[in-house]
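A quick write-up on the structure given underneath.
Owing to the predicted nature of the structure, the values given are computational and were not obtained by experimental measurement.
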Amino acid sequence: MAVCVAVIAKENYPLYIRSIPTENQLKFHYTVHTSLDVVDEKISAMGKALVDQRELYLGLLYPTEDYKVYGYVTNSKVKFVMVVDSSNTALRDNEIRSMFRKLHNSYTDVMCNPFYNPGDPIQSRAFDNTVSSMMVATC
């Protein structure tokens with residue numbers, strides 16, 4: 001089950017962060033921001049290895065005792081970070097990939113909105129519903 005979903009701008013400030021247990025919201029903010037170092041390492045390693053640049057999914061960034069942190073980067077260097085409960089062993093890598101693809105499609109819809117200014121926090125109800133459905137659907 002996804003417990004936290006974050007969209008981080010190219011300049012490493014949050015555009016959107018949502019977590020399910022709201023009492024641990026600060027903990028998830030910290031987890032997301034600490035994962036950005038790992039994301040940057042993986043991006044720089046991909047650039048040096050001349051790996052296919054269309055591969056946007058970064059995979060497991062790091063596991064903790066209670067959670068697993070996954071990453072995804074768009075072509076415009078916007079980062080998606082998803083924190084998943086470690087106790088959910090039924091969640092496979094291809095399911096995480098499809099969740100990131102769904103999130104990326106919803107983010108693209110937000111960016112196509114003529115009333116959205118790039119760089120502003122995401123306040124789209126449709127995007128919020130997509131994130132909610134991903135969090136609930138994987139429970």
Looking at every heavy atom in both [X] and [Y], which two are closest together, and how far apart are they?
X: Ala6; Y: Val32; result: CB-CG1, 3.7 Å
X: Phe28; Y: Ser19; result: CD1-CB, 3.5 Å
X: Gly119; Y: Tyr13; result: O-OH, 3.1 Å
X: Ser35; Y: Val69; result: CB-CG1, 3.8 Å
X: Ala2; Y: Met135; result: O-CG, 3.6 Å
X: Asp120; Y: Leu15; result: O-CD2, 3.5 Å

Got a second to check how far [X]'s [atom1] is from [Y]'s [atom2], nearest 0.5 Å?
X: Tyr107; Y: Thr130; atom1: OH; atom2: OG1; answer: 14.5 Å
X: Leu60; Y: Ile96; atom1: CG; atom2: CD1; answer: 9.0 Å
X: His29; Y: Cys4; atom1: NE2; atom2: SG; answer: 7.0 Å
X: Arg92; Y: Ser98; atom1: CZ; atom2: OG; answer: 13.0 Å
X: Met134; Y: Met82; atom1: CE; atom2: CE; answer: 4.0 Å
X: Thr31; Y: Lys27; atom1: OG1; atom2: NZ; answer: 6.5 Å

(request) Determine the sole option in Thr74, Asn12, Asp40 for which the side chain to side chain donor-acceptor pair (under 3.5 Å) test with Lys79 is passed. (result) Asn12
Compare all side-chain heavy atoms of [X] with those of [Y] and state whether any distance is below 4.5 angstrom.
X: Val84; Y: Val3; result: no
X: Tyr30; Y: Leu26; result: no
X: Val83; Y: Lys68; result: no

Check for a donor-acceptor pair, side chain of [X] on one end and backbone N or O of [Y] on the other, with a separation under 3.5 Å.
X: Lys42; Y: Leu58; answer: yes
X: Tyr116; Y: Ser124; answer: no
X: Ser106; Y: Leu103; answer: no

(request) May I ask you to check whether Thr34 and Tyr62 show a side-chain donor-acceptor distance below 3.5 Å? (result) yes
(request) Say whether Tyr16 and Asp128, considering side chains only, have a donor N or O and an acceptor N or O under 3.5 Å apart. (result) yes
(request) For the pair Tyr70 and Phe80, evaluate ring-ring contact (aromatic ring centres under 6.0 Å, His included) and give the outcome as yes or no after the intermediate values. (result) CA-CA 8 Å; Tyr70 292 89; Phe80 299 143; over 10 Å; no
(request) Check step by step if side chain to side chain donor-acceptor pair (under 3.5 Å) holds for Asp66 and Thr64. (result) CA-CA 6 Å; Asp66 302 321; Thr64 63; 5.9 Å; no
(message) Taking Ile17 as the starting point, is it possible to reach Phe100 by hopping between hydrophobic residues whose side chains are less than 4.5 Å apart?
(response) no
(message) Is there a path of hydrophobic side-chain contacts, each under 4.5 Å between heavy atoms of I/L/V/M/F/W/Y residues, joining Met111 to Val5?
(response) yes
